[in-house]
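Reading through the structure tokens given below for one structure.
Chain identifiers are assigned alphabetically (A, B, ...) following the order of the sequence lines, protein sequences preceding nucleic acid strands; residue numbering begins at 1 within each chain.
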Amino acid sequence: MHAEYPFALIEEKWRRKWAENRTFAALEKSSLPKFYVLDMFPYPSGAGLHVGHPLGYIASDIVARYKRNCGFNVLHPMGYDSFGLPAEQYAIQTGQHPAITTARNIERYRGQLDKMGFSFDWSREVRTSDPAYYKHTQYIFTLLFHHWYDTELQKARTIDSLVEMFASGGNENVHAAHHCKVLFDAATWKNMSEHEQAEILLCYRLAYLSDTMVNWCPALGTVLSNDEVKDGFSERGGHPVTRMRMKQWSLRITAYAQRLLDGLDELRWSDSIKEAQRNWLGRSTGCSVRFKVKGKEEEIEVFTTRPDTIFGVSFIVLAPEHELVSTLTTDECKEQVASYVAYAASRSERERQTEVKKITGCFIGAYALHPFSGKEIPVWIGEYVLAGYGTGAVMAVPAGDQRDYDFARHFQLPVIPVMANSDVSTMADESKEGTMINSDFLDGLRVEEAIHAAGERLSLSGAGGPLVLFRLRDAIFGRQRYWGEPIPVYYRDGIPMVIPKEDLPLTLPEVDAYLPTPDGEPPLARAKEFTYKGYPLEKSTMPGWAGSSWYFLRYMDPHNTSAPASQESMAYWQQVDLYMGGSEHATGHLLYARFWTHFLHDLGQVPFKEPFKKLVNQGMIQGTSAFVYVDKKSRKLISKNLVSNYDTYALHVDVNLVDNHLLDIEKFKQWREEFKDAEFVLEEGKYICGSEVEKMSKSKWNVVNPDDVIARYGADTLRMYEMFLGPLELSKPWNTNGITGVHGFLKKCWKLFHQGESFAVTDEEPKEEELRSLHKLIKKVREDIDKFSFNTSVSAFMICVNELSELACRKRGILEPLLVCLSPFAPHVCEELWEKLGHKTSIIQAAFPEFNAEYLVSSNIEYPVSLNGKTRFKITLPASMDASGVEQEVRASTDLQKYLGDKIIKKVIVVSGRIVNVVHT
RNA sequence: GCCCGGGUGGUGGAACUGGUAGACACGCAGGACUUAAAAUCCUGUGACCCUAAACGGUCGUACGGGUUCGAUUCCCGUCUCGGGCACCA
């Protein structure tokens, strides 16, 4: 009769204790050093959590618990990103208010999270859809509206300061991030109507309303920002997206492009995420060049990264949407230009992307004049030039750019070589090596020099000059949806005004349906009385990323009613020390959150610029789908290894009916009515299923619910197993096969202390090798936590417990630090002892001075050994082990002996069976 | 096309700054306990050769080269998988 490891009882008991004692509440005021561990908060979907979701939460929880034990005041909160599309679409279908659906889903999530024993401080929970929360989201929007970006001071400033500058000197000498097309002086400014002034100011505000090309998704009935569109389809739902011109709210994130780029250097994020952000920001240095147009007032401005090739320009291409197209087109070309522009406009984003090789274009009849030679250059339009980047116009140098080259060859335009020794008979030479030819004052210069010289000359002549450009676009901020934060704007005589702080939040109105109105207005237009002081309110809501752009601040002071968070709380908690989440947010959430933080920092509202000091991306857990094979003729189910004898098709089967490829036939028959009387062809009396790794999803029947795993093995087993599965940052398939190994280990631990009915610990002094084994473990786990390499930690635990005798494990002296290290995974395995010691005390600190963790493991002497002046052995030689393994290892290292020549090996030092040092004459 | 990151037993995966490759776990095989099963415990387990067995040997970290006394690790080239960007001038 063995007592079994009663994980359900243990876990239930400790969950209750933690809740009652508020064990994991972060201290409001503390002299302890702080540590802020944050998980990306989830969107509470109706499907609940599957076994892949908690992977990151488990890892961050290990760090949180470890840091707490090391004497830090740890902030480890959780909340919900609760505005979003699925709840709204459910509302459209059922008429149920999204708030109700959301609340229900959150409850389900909470139940699942609680079972897993996370050490979250739930008193700080946030929900982005809570008016008490989105009041501040709206407030931050109004701040953006009230500020502009000074490119000289590299800082956001109030609109009032801008108005003053306009009133005293117009806008000519104002250095600002803006899209204002007109120049005016002080007098003109003062003579403008209020309406005109408001229009101008909108071009400077960091939150602005403008007529822009947007990504329109007809199926969702809303616009989307660039990061919400993947390959011409909406990221959520996968609906086609088209480009169209629309009046929309945008945020001027481009003003912060350089700072967002520079800020990356100080962040401890993975290279791939940093690289993705750099890519997205897309900085490129070059020159702007203004071409005069023959017989016209207008000038065409282009951007180029290769001003050195300016004498190779043989034509100019404008984007079909370019605003000068209509004014520059000559009468003879009008017809064909009009039809080409119409053609270009009809092309969907998708078509343009898939047919990038297709060369189209049209001559508009105008000629530009070369800024240096005065030569006439034909002006074309072509869809390969994008309206949204740079000035929407390029100077085409076929010899130096493949796209220009293809265009030139297609329309039989000249190719002018500008580099010595480069062959441009079949393709462009894009290399930057060589010297310039056919280039007047640039002749003979190397590319680097020529770029510099051309830039200088352009500046001198007033025809352009060096310029830095970013690929990043401003972020479209309005969504034509119901379930989001209302944009706190009202219109007075058509002038947009923001609602003052004291009147926020602007709460979501009740509507009769969650669909757009029949005349295409957003759902909020259905609200009966949606006005502010009698003025009409903005009908769009904010995008999903609004609420998540500042939630990490809210956790610091979640109940503050007057500000997002108090200055004191932010001064104490500072940046997030560890941020855990998926890499899919690389160019969305992670960029927007950085942008908002930089902005709030400019206003003095946040004491730091970068919100997330260290970022770790956990991998995805995929599903392992199971299949049964149905014989097409007999409808019998054929076991996997026999299918070659039959003509079968594969059918997804619920993975919960399968254990180690073995189908539970009885459960399978009950699974669906159609299989009630199914017949099987078995191998050795068993039905073996096939398997395949796929995304975890309901339709593939491969979803594993953590609740089921916990019911069967306990939360500790689930947590430890998820960590054991492989490196945290890698994607890997969920596979229940190995879980018994981890479960067995925990069972074994439990049994070490529970002999029958009694609980056993001894106070004997531990032996030296027991301590050594233990300290090896402590060192390993500490290093692993630094590296987020939890899978090897689990192995280390298993080894340690195997190395220790049963008695040794039960010695108190050994147990304490072991428990501390074990605590991240299974703090309650040895519950009585744990209870006795008190889980709130910092045992790791108490334990380490006494045992001196480093003492046995690394109080070694280091011998740097240099052989032949080249190869260097850096050796750690434990004083206590110097003589071990001398004889047998000399033979094993014959290569080394050969190398040493006539030198005589005096000793070979072996540590854990490995040659670490050679002592020779 | 460009930029990151990977390819190690039947499987998931270990291996510190170049120093016994395959830790740990799963699976599999054999054994113990049991009327039996489950649970638990023990032993073996990269491939191949030699052997009655042991000892021993050869080959092995995607592929081909290189540096080194010594390479999973460093360098060059190729193949391949995953991720990001993509007519960005």
Side-chain angles (χ1 to χ4, degrees), chain A residues 2 4 230-231 270-280 282-284 286-287 302-306 309 317 319 352-353 355-359 382-386 388-397 400-404 406-407 469-473 583-584 586-587 617 619-620 660-661 721 724-727 729-742 744-745 747-748 751 780 783 787 789 791-800 802 867-868 870-876 885 888-889 892-901 910 912-918:
Chain A
H2 285 287
E4 279 300 315
K230 293 263 178 312
D231 300 323
S270 74
D271 288 339
S272 63
I273 295 275
K274 283 198 198 182
E275 207 50 39
Q277 290 214 345
R278 287 196 186 102
N279 244 318
W280 191 259
R283 185 183 199 268
S284 62
C287 269
V302 304
F303 174 77
T304 176
T305 53
R306 296 291 301 275
T309 62
V317 189
R352 272 179 84 144
Q353 280 186 2
E355 299 169 26
V356 287
K357 289 273 148 59
K358 195 165 155 186
I359 298 162
E383 63 175 334
Y384 85 94
V385 176
L386 304 174
Y389 183 71
T391 57
V394 301
M395 58 174 224
V397 183
D401 183 290
Q402 192 57 44
R403 293 156 302 173
D404 297 345
D406 295 339
F407 195 86
L469 218 58
F470 286 88
R471 187 158 62 208
L472 180 76
R473 311 291 158 78
S583 54
E584 67 272 19
T587 51
N617 305 112
M620 274 228 284
N660 259 342
H661 302 290
Y721 182 57
F724 185 66
L725 222 43
E729 288 166 91
L730 240 63
S731 286
K732 57 235 158 187
W734 176 261
N735 188 339
T736 321
N737 291 350
I739 203 165
T740 52
V742 169
F745 165 74
K747 224 188 249 185
K748 198 162 148 185
K751 281 190 179 162
K780 171 81 177 141
E783 285 167 1
K787 289 187 294 183
S789 172
N791 51 331
T792 52
S793 279
V794 179
S795 298
F797 276 121
M798 294 178 178
I799 295 167
C800 187
N802 282 333
L867 300 174
N868 200 16
K870 245 182 171 183
T871 315
R872 182 173 290 222
F873 300 139
K874 228 176 169 185
I875 302 306
T876 310
Q888 74 271 26
E889 289 305 329
S893 59
T894 43
D895 284 345
L896 192 60
Q897 205 171 23
K898 188 178 95 192
Y899 176 70
L900 289 167
V910 178
S912 22
R914 178 173 291 189
I915 304 171
V916 295
N917 198 5
V918 181

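- The shortest heavy-atom contact between Ala276(A) and Thr587(A) is O-CG2, 3.9 Å.
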Next item on the list: Might you work through the side chain to side chain contact (heavy atoms under 4.5 Å, CB included) test for Tyr721(A) and Phe745(A), ending with a clear yes or no?
Entry: CA-CA 11 Å; Tyr721(A) 182 57; Phe745(A) 165 74; over 6 Å; no
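- A side-chain donor-acceptor contact under 3.5 Å links Tyr384(A) and Asp404(A).
- Within 4.0 Å (heavy atoms only), Pro733(A) reaches no atom of the nucleic acid at all.
- U51(B) and G57(B) have their C1' atoms separated by 12 Å, given to the nearest Å.
- Taking atom CE of Met620(A) as the reference point, atom C1' of G5(B) lies 16 Å away to the nearest angstrom.
- Atom C1' of C41(B) sits at a distance of 35 Å from the matching atom of C50(B), rounded to the whole Å.
- Taking the side chain to side chain donor-acceptor pair (under 3.5 Å) definition, one finds that Lys787(A) meets it with nothing, sequence neighbours left out.
- Taking atom CH2 of Trp734(A) as the reference point, atom P of G12(B) lies 16 Å away to the nearest angstrom.
- Shown here, G9(B) is classed syn by the O4'-C1'-N9-C4 or O4'-C1'-N1-C2 angle, which is within 90° of 0.
- No contact: Val302(A) has no heavy atom under 4.0 Å from any strand.
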Each nucleotide N or O in nucleotides 83-86 of chain B that has a protein N or O under 3.5 Å away: list the pair and distance.
unit_1: C85(B); atom_1: O2'; unit_2: Arg471(A); atom_2: NH2; d: 3.4

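- The side chain of Arg403(A) sits closest to C88(B) out of G13(B), C88(B), A89(B).
- Taking the side chain to side chain contact (heavy atoms under 4.5 Å, CB included) definition, one finds that Asn279(A) meets it with Arg471(A), sequence neighbours left out.
- If you take atom P in G18(B) and the same atom in C3(B), they sit 26 Å apart, rounded to whole Å.
- Asp406(A) comes within 4.0 angstrom of no nucleic acid atom, judged by non-hydrogen atoms across all strands.
- Comparing C24(B), C88(B), C26(B) by their closest approach to the side chain of Phe724(A) singles out C24(B).
- When rounded to the nearest whole Å, the span between CZ of Arg278(A) and P of C88(B) equals 21 Å.
- U67(B) and A52(B): their C1' atoms are spaced 47 Å apart (whole Å).
- Spacing between atom CD1 of Ile359(A) and atom C1' of C87(B) amounts to 10 Å, rounded to whole angstrom units.
- Considering only residues two or more places apart in sequence or on other chains, Leu730(A) meets the side chain to side chain contact (heavy atoms under 4.5 Å, CB included) condition with Pro727(A).
- Proximity note for Val385(A) (side chain, C-beta onward) versus C26(B), A89(B), C87(B): the nearest is A89(B).
- Ser731(A) pairs by the side chain to side chain donor-acceptor pair (under 3.5 Å) definition with nothing, not counting sequence neighbours.
- Comparing atom distances between the Thr792(A) side chain and each of A89(B), C41(B), A14(B) picks out A14(B) as nearest.
- In this structure, Ile739(A) atom CD1 and U11(B) atom C1' are separated by 16 Å, rounded to whole Å.
- Contact annotation: side chain of Arg283(A) to base of C88(B), donor-acceptor pair absent below 3.5 Å.
- Between Lys747(A) and U40(B) there is a side-chain polar atom (N or O) within less than 4.0 angstrom of OP1 or OP2.
- Pairing each heavy atom of Ala586(A) with each of Ile273(A), the nearest pair is CB-CD1, 3.7 Å.
- Annotation: of the two residues near RNA chain B, Ser795(A) and Phe303(A), the 5′-most nearest-nucleotide partner is Ser795(A).
- At whole-Å resolution of the value, CE in Met798(A) and C1' in G13(B) are 12 Å apart.
- Separating the C1' atom of C24(B) from that of G83(B) is a span of 29 Å, rounded to the nearest Å.
- The side chain of Ser270(A) places no N or O atom within less than 4.0 Å of a non-bridging phosphate oxygen (OP1 or OP2) of C4(B).
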Note to self: Just to be sure I follow the notation: if a pair is Watson-Crick (purine N1 to pyrimidine N3 plus N6-O4 or O6-N4) or a G-U wobble (N1-O2 and O6-N3), each under 3.5 Å, what dot-bracket string does RNA chain B give, with | for pairs to another strand?
What the structure shows: (((((((..(((......[....)))((((((.......))))))((((......))))..(((((..]....))))))))))))....
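- Closest approach of Asn617(A) to Glu729(A), counting heavy atoms only: O-CG, 3.0 Å.
- Here, C48(B) and G10(B) have their P atoms 10 Å apart, quoted to the whole Å.
- One C1' atom belongs to C85(B), the other to G65(B), and the distance between them is 33 Å to the nearest Å.
- C2(B) and G77(B): their P atoms are spaced 13 Å apart (whole Å).
- Of all the heavy atoms in Val385(A) and Gly392(A), the pair that sits closest is CG1-O, 3.5 Å.
- Of the charged side-chain nitrogens involved, at least one lies within less than 4.0 Å of a carboxylate oxygen, so that Arg278(A) and Glu275(A) count as a salt-bridged pair.
- Straight-line distance from the CG atom of Asp271(A) to the P atom of G5(B): 6 Å, rounded to whole Å.
- As rounded to whole Å, 13 Å separates atom P of G12(B) from atom NZ of Lys732(A).
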Next item on the list: Could you go through the side chain to side chain contact (heavy atoms under 4.5 Å, CB included) check for Ile739(A) and Phe724(A) one step at a time?
Entry: CA-CA 9 Å; Ile739(A) 203 165; Phe724(A) 185 66; over 6 Å; no
